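A quick write-up on the structure given underneath.
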Amino acid sequence: MSMHSKATRITAPAITARKGGEKLVCLTAYTAPVAEILDDKADLLLVGDSLGMVVHGLPSTVGVTLEMMIMHGKAVARGAERAMIVVDLPFGTYERSPQQAHESASRIMAETGCQAVKVEACDGIPETIEFLVGRGIPVLGHVGLRPQAVNVDGGFRAKGRTETERERVLAEARAVEKAGAFATVVEGVDAAIASEVTAALKIPTIGIGASADCDGQILVTDDMLGMFDWSPKFVRRYANLREAIGQAADGYARDIRAGTFPGEAELYRLKRTK
Ligand code: KIV
């Protein structure tokens with residue numbers, strides 16, 4: 001048996017080396033078949049805790065558990081062999097201490113086979129990132145709009161209206177870089193601030209609702225596929241799967257009611273044996 005898989009997996013240092021170079025293409029993935037489709041199109045697949053809302057119908061990411069992340073992380077790791085796979089540490093599983101974060105992250109890494117974890121910026125996060133990286137766990141940062149802080153912020157609001165917010169985003173990004181993150185997501189910030197952060201950091205910035213100046217972009221795959229009636233301003237839709245699924249289901253229902261499904265081509269006609 002070979003020690004290495006067939007495809008060459010994109011690594012954390014390879015992502016870091018893309019700073020200022022070819023833009024990083026990143027998407028979320030939660031299932032094996034979608035991961036398989038996206039594997040040769042994206043550099044990085046994020047098993048985001050957005051799966052709580054996108055797949056499980058939760059109102060926010062706050063209710064997402066470690067078990068949910070591990071289950072979806074395993075599925076994505078089975079589907080993709082080239083793209084780097086990053087799994088989110090969910091709310092409540094890393095903020096208390098570096099040790100708590102290490103317990104959660106090492107479980108996720110060992111059980112899913114992913115290559116890194118992502119953490120949202122919060123009090124004490126630089127120490128935690130340093131602790132994890134020092135123990136073999138690559139970390140992707142997440143600054144700006146932090147979905148796990150929805151209850152403190154009073155909603156999902158873009159950052160950068162005040163000088164204090166600008167300074168906070170910049171300080172968070174610098175701290176995440178200093179602590180050893182291999183890259184950072186910059187979400188929901190004023191475009192000029194996202195550009196400033198990108199210019200200030202040596203690690204790549206991956207924008208979502210940020211700026212085209214970022215070193216790469218990420219979207220929730222289901223948003224860009226048009227699975228929802230509503231999506232945030234920063235989403236560009238590349239398909240309308242909601243309509244396509246509705247039309248397919250209408251056609252299926254029509255054929256069943258008309259008695260035309262299943263047709264001859266969809267039936268077994270087996271030769272009898274004694
Ligand atoms: O959970 C998620 O999908 C994310 C991305 C939107 C960056 O954090």
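Whatever order the structure lists ligands and atoms in, that order sets their numbers, starting from 1. A quick note: this is a predicted structure, and the numbers were derived from the prediction, not measured.
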Give a table of atom pairs where an N or O of ligand 1 lies under 3.5 Å from a protein N or O.
unit_1: ligand 1; atom_1: 1 (O); unit_2: Asp49; atom_2: N; d: 3.2
unit_1: ligand 1; atom_1: 1 (O); unit_2: Asp49; atom_2: OD1; d: 3.0
unit_1: ligand 1; atom_1: 1 (O); unit_2: Ser50; atom_2: N; d: 3.0
unit_1: ligand 1; atom_1: 1 (O); unit_2: Ser50; atom_2: OG; d: 3.3
unit_1: ligand 1; atom_1: 1 (O); unit_2: Asp88; atom_2: OD2; d: 3.2
unit_1: ligand 1; atom_1: 3 (O); unit_2: Ser50; atom_2: OG; d: 2.5
unit_1: ligand 1; atom_1: 8 (O); unit_2: Lys118; atom_2: NZ; d: 2.9

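- Annotation for Glu36: atom CD does not count as buried by contact number, only 12 or fewer foreign heavy atoms lying within 6.0 Å.
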Show me the donor-acceptor pairs within less than 3.5 Å that the side chains of residues 124-135 make with the rest of the protein, sequence neighbours left out.
unit_1: Arg135; atom_1: NH1; unit_2: Phe131; atom_2: O; d: 3.1

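- Environment of CG in Asp250: crowded, with over 12 heavy atoms of neighbouring residues, nucleotides or ligands closer than 6.0 Å.
- Glu187 pairs with exactly one of Lys159, Arg146, His142 by the side chain to side chain donor-acceptor pair (under 3.5 Å) rule, that one being His142.
- Here CG of Asp215 is found 8.5 Å from CD1 of Ile206. Values are rounded to the nearest 0.5 Å.
- Shortest non-hydrogen contact noted between Pro90 and Asp49 is CA-OD2, 4.5 Å.
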